[in-house]
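Structure record follows, encoded as structure tokens.
Naming convention: chains lettered A, B, ... in sequence-line order (proteins, then strands); numbering from 1 in each chain.
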Number of protein chains: 2
Amino acid sequence: MVKLNSPSVGGVQTRGANRDDLRQGNLATLLEYVYKNTTISRSDLTAATGLNRSTISDLVGELVDLNLVSESESPQAGRVGRPSANVTISDSIFAITVVPRHHSTTISAVAMNGTVASRVRIATPIHPSPEEVCDAVERGIAQVRAELKRGSRVVGVAVVVSGQVDVRNNSVRICSMLKWVDVPFGSLLEERLKMPVWVDNDGSLACMAESSFGAGRGFSDIIYLFGGAGGIGGGVVIDNQLVRGSRGYAGELGHIRITDSRSVDSLGLTGTLEALVNRDDLAHALGLDDPEDDDLSRAILSATTPRAIRLIEKKIQALGFALANLVNIFNPQVILLSGFLQPLFQANDYSLLSKMRQNAVAGSREHVQIRTTELGGRILEIGGAQLAFTDLIADPARARFF
Amino acid sequence: MVKLNSPSVGGVQTRGANRDDLRQGNLATLLEYVYKNTTISRSDLTAATGLNRSTISDLVGELVDLNLVSESESPQAGRVGRPSANVTISDSIFAITVVPRHHSTTISAVAMNGTVASRVRIATPIHPSPEEVCDAVERGIAQVRAELKRGSRVVGVAVVVSGQVDVRNNSVRICSMLKWVDVPFGSLLEERLKMPVWVDNDGSLACMAESSFGAGRGFSDIIYLFGGAGGIGGGVVIDNQLVRGSRGYAGELGHIRITDSRSVDSLGLTGTLEALVNRDDLAHALGLDDPEDDDLSRAILSATTPRAIRLIEKKIQALGFALANLVNIFNPQVILLSGFLQPLFQANDYSLLSKMRQNAVAGSREHVQIRTTELGGRILEIGGAQLAFTDLIADPARARFF
DNA sequence: TGTATTTGTTGTCTGTGCCAACATAAACCC
DNA sequence: GGGTTTATGTTGGCACAGACAACAAATACA
């Protein structure tokens, strides 16, 4: 990818580019287009990239030779002129995604076209040790790969952790769900599997997925917030780039403080968004005991008791404060809400919007939208796969498979 | 600038690159190095960019032909081998910076090497109208340019506004200091001056300057906070890029809410950092009436009355909460404090650091530093000039002067 | 003074993307 | 239904940016 304009601001550290980089960048750009669109015509690629027809022909040819994309006659009729061939992303290149939970770990094979070809859930002890998860992953991958058709290629493994991850060395700083502290899980797993492993935070990956394939499509500046049983996570995309921070801990949006309340969140911080807006409170007030997401959502939207309605309104107010903070800091185009934050928004979108606007600066509050997310239960698999495919897309010619 | 790796995350919008872009990008990279370092040897450029010696020779030659840099024998002795020629940024290319205040506007000519060659302050009526500022700028530029030596070239005008600026169209959304609302000042001035005009927020520009030439050098992820009489402004640099948001309103860090306090800030928002930590309160408690920055600073650092000490501590606590929020959101490497926030930090750095750490998540709080800024009174001129030079640096061959 | 080391210079070469001309395949038009 | 229009794929030649190798130049060091 070649980025012109806006030179880097800090200490200069840009390297020069040679002819190889040029070719590599163009291949990457093309492959990214095909990946993001699953299938796209050659003429659209020409228009989008601004490259010459003959160049596109050459580059696509190379991607076909690399077995990364395939060309097919386009059945798209109705337009004057010679029909343009469709370029479709490979359906035989996979990322393995790993999502460890309290007492089970889910392993999936996700193709570049987004389909989950195979998925298994391996039970583990409660709060499994890193080794126990490694065992589960090893078994899971064997099972998952057995179901893939012959000739399938795997780029590596993406581990989606609900906790703080140092993305520079793929190690888990803290994961309360698994009770892990400073676990170099990436290295552990890499040694076992002899293939590349990437580890990242669930909120960041979900944000990335939603940005590329979900409700964030077409927006360059996005705030993503997810409310789950474990708390509130999130992610930020600025100028089409995921904000990771210096080590990858950025986007801990649940832990921003908004009030003096002494209620604490999952990390013991007081007055934070997560401390004020939590799932258990809501479920309890609505008379539910450990409900499924859908049940909680329905309950929130059809709440009738004054106490429940008051509580919901209170949560909406708190969420509004947090959103205002984020709007003031980022001036985003859109805020995406998922998990139980989604029904909160739907229960009284006017209230949430006005609370947010009340506490945001003039310019930023004016055009920001709040939306619900589009990707459902597969979001972590899609986000994890995207992480695993990143290197391949950045340098298609040098891709290695396992 | 060619950026490899990490493909854009959102809707794809990258264009392809051809050989011209390659050349342009390399010229830009080189010029940026020279600009950021003022002077740098050719061999250092070779090492930094990874380009071939002969290529550097060719590219630097082009920059010399364009009169953007000059080469000189290097007196740097002591090293084995043929001495490498020094490349120095031009001292005859200028940006005009404009900083409008309550009742005067300062116009400066800033060279690419950072020196302020000429500066005038033109008095205006209190709360001047856009036209009145235009008049002042027109007169000021004439005066400033008269002092420049023959052969000087000007790239354009950068207006530094203490308020919210829509950078897409260079218009001022709100500036309370000037009492402006929705003023398309960039267009107005451009029409008058017949040269390019850029407008941006003071906090963002100061952050950029500090990042490139001040205490932020060498860091890629920076939070900048400035405390002045008008309130608290700021800026954010992520991955060496200034965070501007979708319209340029990002970085309103003074308006993030941290408590339930009902005290209001300059925009009427309650419980925000700016509402809690303000200059007038401090000056008053220290028995000062509209003090200069230096006097206030000294007073803060030598406060003795219990009331003053208590107030300072209270401000430090509030600042700590705000910093924790920013750390949780951005995971920065360094936080830069300036204005009256600087003596607050120096008065009790331990207190500020621990308050921040207490409220930040584990990973992010561990390696973050708090520092004071390095650029003094010239910071807005340097930042403004950097804005004005951006286009020139991004495409040196196509530069136009006025 | 000679050698090692580093950097600048020059001419040649490779390969990437552009371009123009032609081929191809659809819609459109009478 | 054949000619025209429009858009896209294909091909061969071309321009030019950057790499490379060989040589020259200028320093430190023994």
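Qualifying ring pair (Phe, Tyr, Trp, His ring centres under 6.0 Å) partners for Tyr35(B), counting only residues two or more places apart in sequence or in other chains: Phe213(B), Phe389(B). Under the salt bridge (charged side-chain N to carboxylate O under 4.0 Å, His left out) criterion, Asp395(B) pairs with Arg398(B), not counting sequence neighbours. In this structure, the side-chain hydrogen bond (donor to acceptor under 3.5 Å, both in side chains) partners of Asn52(B), at least two apart in sequence or on a different chain, are Ser54(B). Listed by chain and residue number, Arg244(B) satisfy the salt bridge (charged side-chain N to carboxylate O under 4.0 Å, His left out) test with Asp200(B) (two or more places apart in sequence, or in another chain). Shown here are the salt bridge (charged side-chain N to carboxylate O under 4.0 Å, His left out) partners of Arg168(A), two or more places apart in sequence or in another chain: Asp166(A). Remark: Thr49(B) engages no residue in a side-chain hydrogen bond (donor to acceptor under 3.5 Å, both in side chains) (not counting sequence neighbours). Applying the salt bridge (charged side-chain N to carboxylate O under 4.0 Å, His left out) criterion to Glu62(A), with sequence neighbours excluded, gives Arg23(A).
Close to dA7(D), at under 4.0 Å from its OP1 or OP2, lies no side-chain N or O of Ser84(A). Between Asn26(A) and dG17(C) there is a side-chain polar atom (N or O) within less than 4.0 angstrom of OP1 or OP2. Note on Arg23(A): a side-chain N or O is less than 4.0 Å away from OP1 or OP2 of dG17(C). Applying the 4.0 Å criterion to OP1 and OP2 of dC18(C), one finds that Arg19(B) has every side-chain N and O outside that range.
Counting to the nearest Å, the C1' atom of dT16(C) and the CG atom of Leu30(A) are 14 Å from each other. Rounding to whole angstrom units, CG of residue Asn86(B) and C1' of dT6(C) are separated by 15 Å. Distance Asp58(A) CG to dT11(D) C1': 12 Å, rounded to the nearest Å. Nucleotide dG18(D) holds its P atom 8 Å from the CG atom of Leu27(B), rounded to whole Å. One can place CD1 of Ile40(B) at 13 Å from P of dT7(C), the figure rounded to the nearest angstrom. Rounding to whole angstrom units, CG of residue Leu22(B) and P of dC18(C) are separated by 12 Å. Atom-to-atom, CG of Leu51(B) to P of dT7(C) comes out at 15 Å; the value is rounded to the nearest Å. Atom CG in Asp20(B) sits roughly 19 Å away from atom P in dC14(D) (whole-Å rounding).
Residue contacts for Ile56(A): at a heavy-atom cut-off of 4.0 Å it reaches no nucleic acid atom on any strand shown.
We find the CG-CD distance between Leu205(A) and Glu381(A) to be 12.0 Å, quoted to the nearest 0.5 Å. From Glu32(A), atom CD reaches atom CD1 of Ile89(A) across 10.5 Å, with rounding to the nearest 0.5 Å.
Distances were taken from every side-chain heavy atom of Ser57(B) (C-beta onward) to each of dT9(C), dA17(D), dA26(C); the shortest belongs to dT9(C). Checking dG8(C), dT8(D), dT16(C) against every side-chain atom of Arg42(B), the shortest atom distance belongs to dG8(C).
The two atoms that bring Arg15(B) and Ala47(A) nearest to each other are NH1-O, 4.0 Å, heavy atoms only.
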Hey, what are the protein-to-nucleotides 3-6 of chain D N/O distances that come in under 3.5 Å?
| residue | atom | partner | partner atom | Å |
| --- | --- | --- | --- | --- |
| dT6(D) | O2 | Gly81(A) | N | 3.3 |

Quick test: give all pairs of protein nitrogen or oxygen and nucleotides 20-22 of chain D nitrogen or oxygen below 3.5 Å, distance rounded to 0.1 Å.
| residue | atom | partner | partner atom | Å |
| --- | --- | --- | --- | --- |
| dC20(D) | N4 | Ser54(B) | OG | 2.7 |

